[in-house]
Amino acid sequence: MNIFDNLGEIYNEIDSTYESIVVQTHSRRHHRKEAEYYSKRQFNDQAYFLFMFTRLEDRVRNLSDQLIDDKVANLTDWKAKRTWDILSKRKDRIAFMDRVALLTEINQPDYNLIDRYYKQRNNIGHGGTFTIAIYIPTFIVDMNRLYRDLNR
């Protein structure tokens with residue numbers, strides 16, 4: 001079991017509890033309590049989304065740093081090596097989506113999916129909410145696959 005599976009189990013437990021309470025409060029016409037737990041579900045979705053995305057961010061950072069270091073260590077032709085050498089000296093300033101571009105092909109499905117999620121991460125991380133529909137169980141599947149496939 002990996003971090004996404006573990007977090008997914010915990011998320012599902014909490015979300016199921018909140019969902020059950022929302023259904024009960026709705027049927028009893030306790031609208032204030034229903035709204036409160038609906039709001040808690042939204043915050044829970046955002047919290048799990050952010051935490052899981054940070055795991056992918058860490059993976060991207062580590063793999064892109066490793067790629068840069070490998071290129072610097074193994075390329076012998078200075079013309080091929082100079083770009084990687086420059087990147088190596090500025091690793092801490094490489095934007096996240098530029099790092100993703102080192103690991104995936106730009107404007108292809110994986111790149112676009114990460115970009116779409118990254119925009120949501122930034123919006124939530126700066127006090128906003130989801131601007132597109134995010135279904136956390138699907139997000140968990142995506143994170144599992146991306147985390148695994150970026151290793152290739």
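Each salt bridge (charged side-chain N to carboxylate O under 4.0 Å, His left out) pair with one or both residues in residues 101-113, not counting sequence neighbours, appears once here: D110-R145. Residue pairs that meet the salt bridge (charged side-chain N to carboxylate O under 4.0 Å, His left out) test with at least one member in residues 124-144, sequence neighbours left out, do not exist here. Screening residues 83-102 for ring-ring contact (aromatic ring centres under 6.0 Å, His included), with sequence neighbours left out, gives F53-F96, F96-Y118. Evaluation of the side chain to side chain donor-acceptor pair (under 3.5 Å) test over residues 66-81, restricted to residues two or more places apart or in two chains, returns D69-K91. Pairs engaging residues 7-20 under the salt bridge (charged side-chain N to carboxylate O under 4.0 Å, His left out) rule: D15-R41 [sequence neighbours left out]. Residue pairs meeting the salt bridge (charged side-chain N to carboxylate O under 4.0 Å, His left out) criterion with at least one partner in residues 122-138, sequence neighbours excluded, are absent.
Not counting sequence neighbours, the partners of F139 by the ring pair (Phe, Tyr, Trp, His ring centres under 6.0 Å) test are F49, Y117. For N62, the side chain to side chain contact (heavy atoms under 4.5 Å, CB included) partners two or more places apart in sequence, or in a different chain, are D58. Contacts of Y38 classified as ring pair (Phe, Tyr, Trp, His ring centres under 6.0 Å), with partners at least two apart in sequence or in another chain: none. Looking at residues two or more places apart in sequence or on another chain, you find no side-chain hydrogen bond (donor to acceptor under 3.5 Å, both in side chains) involving K33. Scanning for side-chain hydrogen bond (donor to acceptor under 3.5 Å, both in side chains) contacts around Y147 gives an empty result, with sequence neighbours left out. Among residues two or more places apart in sequence or in another chain, the salt bridge (Lys or Arg N to Asp or Glu O under 4.0 Å) test is passed with D98 by none.
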**Residues E36, R32; criterion salt bridge (charged side-chain N to carboxylate O under 4.0 Å, His left out); working and verdict** = CA-CA 6 Å; E36 176 187 333; R32 193 174 300 137; over 6 Å; no

